[in-house]
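Below you'll find the structure, written out as structure tokens, and then a few comments.
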Amino acid sequence: MFEKLPFKPADILLPRDCDMTRWCVVACDQYTSQPEYWQRVADFVDKQPSALRLILPESCLEGPNVETDIMEINNTMSQYLRQNQFVTLPETLVYVERKLDDGKVRRGIVGMIDLEQYDYEPGSPALIRATEGTVLSRIPPRVAVRKNAPIELPHVMLLCDDREGTVMPPLAEQTEKMEQVYDFDLMERGGHITGWKLGREQQELLSAALNKLADPAVFQEKYGVGDDVSVMLFAVGDGNHSLATAKECYERQKTITPTEQWATLPARYALVELCDLHDESLQFEPIHRVVFGVNPDELLTDLKNAFPGAYEGKGEGHVLTCVTRSGKIDITVPNPAAQLAVGTLQGFLDEWLKGRKNVGIDYIHGEDVVEELSRRPDAIGFLLPPMGKEELFPTVIHDGVLPRKTFSMGHAHDKRFYLEARKIR
């Protein structure tokens, strides 16, 4: 059924004999400037088995004890495996319904993708493509976490452009025919999550729907392109750098493994959750910026000087809303070269930050957090407008990847929580 598809069933590990609410924690790339969040989670988890001990929050990636932290994570993974902390669901796909904090329900399917059919390079013809520019310097520290890990826990969310509703709705109608494998509340405003194991009938429905979306003729008609444009079946919605890290680890293993054994390498595959771009619960939220260790007035002056005709106030062009402890200031950049406001801002910041020591940048979900962080005397925040999600697939197909950190799917507490796992060694 899934032979020609990059998405397929996996041997999925689920935690057992534990408090599932304490087991599941949010994606490691959230709350990077709010260590109090992760401390609160640690206090709540206490000494119970938890995915918290199997991940490294990105706020700790540059910490003084990072190597020791990574070693401890790998040791805990091995310990959990020895202690039979997991139950294995062989050759499984899990249909997931996540009731979010706002009451909306997000639907997804957990399975694995073939990394041979994924590429993060801009302009790639791969079936699975990145949506944002990959920062290569961000991959090595993540490789350090993954390279010796015996298991993976995914926070990657893939998107399909299923305008006709052929993928998720048929599964939502058949939950009574499927085996429920979990059903519980998530911590920290994460909502409630329920999962069902797809049976043979549901797998056939899913494979038929995905194979149709992957049909070149269907693809060409949908996007108005010729047969010289390769099919893009999935876009990476969340976890671009996490998936790029999985790809890098697989490529490294290929260099020390005979070609005929590549197909059976566990590292060739990565566990993900597949969602529909058109799911009503999926809201594209802008990702804002906060720059630390700066003189805000100096940066604002340099920003205006970088663009001919830029002025304070709202007007025609890209409007960048800057936040300092003194309040908000709108800067309009007329006749911008970039397609999106985030491209205008990020291009400037990338150049401005070069060679400036002790200056940092963070990517923030939520205006309230930006405003709070920007009250510091050496910080300045930038609020960005949201991108229409209907623009995603056509933009990536025609123009390549978006500027990094262009959008986020929902608020931080709506991000994927670590639950399922898979052996990668």
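Positions are given from 1 along the sequence.
- Closest approach of Arg22 and Val45 over heavy atoms only: O-CG2, 3.5 Å.
- The existence of a salt bridge linking Glu251 and Lys247 is confirmed by a sub-4.0 Å separation between a basic side-chain nitrogen and an acidic carboxylate oxygen.
- In terms of heavy atoms, Tyr223 sits closest to His398 at O-NE2, 3.9 Å.
- Other residues, nucleotides and ligands place more than 12 heavy atoms under 6.0 Å from the CG atom of Asp46.
- For Gln261 (side chain) and Pro258 (main-chain N/O), no donor-acceptor pair under 3.5 Å exists by modelled atom type.
- Looking only at side-chain heavy atoms (C-beta outward), Pro6 and Tyr118 stay at 4.5 Å or farther from each other.
- Expressed to the nearest 0.5 Å, how far CG of Leu274 lies from CG of Leu159 amounts to 8.0 Å.
- Arg416 places no side-chain N or O within 3.5 Å of a backbone atom of Asp238 that could act as its donor or acceptor partner.
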- Task: Mind running side chain to side chain contact (heavy atoms under 4.5 Å, CB included) on Leu115 and Leu243 for me, showing each step along the way?
- Result: CA-CA 9 Å; Leu115 293 171; Leu243 201 54; 4.0 Å; yes

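- Here the side chain of Thr92 pairs no donor or acceptor atom with the backbone of Ile12 at under 3.5 angstrom.
- Here the closest heavy-atom approach between residue Ser59 and residue Trp38 is recorded as OG-CD1, 4.1 Å.
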- Task: Take Glu371 and Lys328 through the test salt bridge (Lys or Arg N to Asp or Glu O under 4.0 Å) and record every step on the way to the result.
- Result: CA-CA 9 Å; Glu371 292 177 6; Lys328 295 180 181 178; 3.0 Å; yes

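- The residues Arg142 and Glu248 are annotated as not salt-bridged, no charged nitrogen and carboxylate oxygen being separated by less than 4.0 angstrom.
- Side-chain contact, Thr88 with Asp11: no donor N or O sits under 3.5 Å from an acceptor N or O.
- In this structure, Asp43 places its CG atom where more than 12 heavy-atom neighbours from other residues, nucleotides or ligands lie under 6.0 Å away.
- Residues Arg146 and Glu152 are paired through a salt bridge, judged by an N-O separation under 4.0 Å between the basic side chain and the carboxylate.
- The structure places CZ of Arg16 at 10.5 Å from CZ of Phe86, a figure rounded to the nearest 0.5 Å.
- The local environment of NZ in Lys99 is sparse, with at most 12 non-hydrogen atoms from other residues, nucleotides or ligands closer than 6.0 Å.
- Both the sub-6.0 Å distance and the 45° axial angle are not jointly satisfied by Arg107 relative to the ring of Tyr95.
- In this structure, CD1 on Ile109 lies 4.5 Å from CG on Leu206, to the nearest 0.5 angstrom.
- The environment of CD in Glu91 is crowded: more than 12 heavy-atom neighbours from other residues, nucleotides or ligands sit within 6.0 Å.
- Note that OG1 of Thr406 is 7.5 Å distant from CD1 of Ile287, once rounded to the nearest 0.5 Å.
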- Task: Decide yes or no on side chain to side chain contact (heavy atoms under 4.5 Å, CB included) for Asp29 and His155, but give the supporting numbers first.
- Result: CA-CA 9 Å; Asp29 56 351; His155 71 259; 3.8 Å; yes

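- Taking both residues in full, the closest heavy atoms of Leu52 and Ala42 are given as CD2-CA, 3.7 Å, listed atom of the first, atom of the second, then distance.
- A side-chain donor-acceptor contact under 3.5 Å links Ser408 and Lys415.
- Other residues, nucleotides and ligands contribute only 12 or fewer heavy atoms inside 6.0 Å of the CD atom of Glu280.
- For Phe382 and Trp352, the gap between ring centers reaches or exceeds 6.0 Å.
- For the pair Asp101 and Arg189, the salt-bridge criterion is met [side-chain N within less than 4.0 Å of a carboxylate O].
- Atom NZ of Lys389 sits in a crowded spot, with more than 12 heavy atoms from other residues, nucleotides or ligands closer than 6.0 Å.
- Looking only at atom types and distance, the side chain of Tyr31 has no donor-acceptor partner in the side chain of Glu36 under 3.5 Å away.
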- Message: With side chain to side chain contact (heavy atoms under 4.5 Å, CB included) as the criterion, how do Thr395 and Thr131 come out once you've worked through the C-alpha distance, each side chain's angles and the decisive distance to 0.1 Å?
- Response: CA-CA 9 Å; Thr395 301; Thr131 53; over 6 Å; no

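- Rounded to the nearest 0.5 angstrom, Gln283 CD and Arg106 CZ are separated by 11.5 Å.
- Distance NE2/His288 to NZ/Lys405: 13.0 Å, rounded to 0.5 Å.
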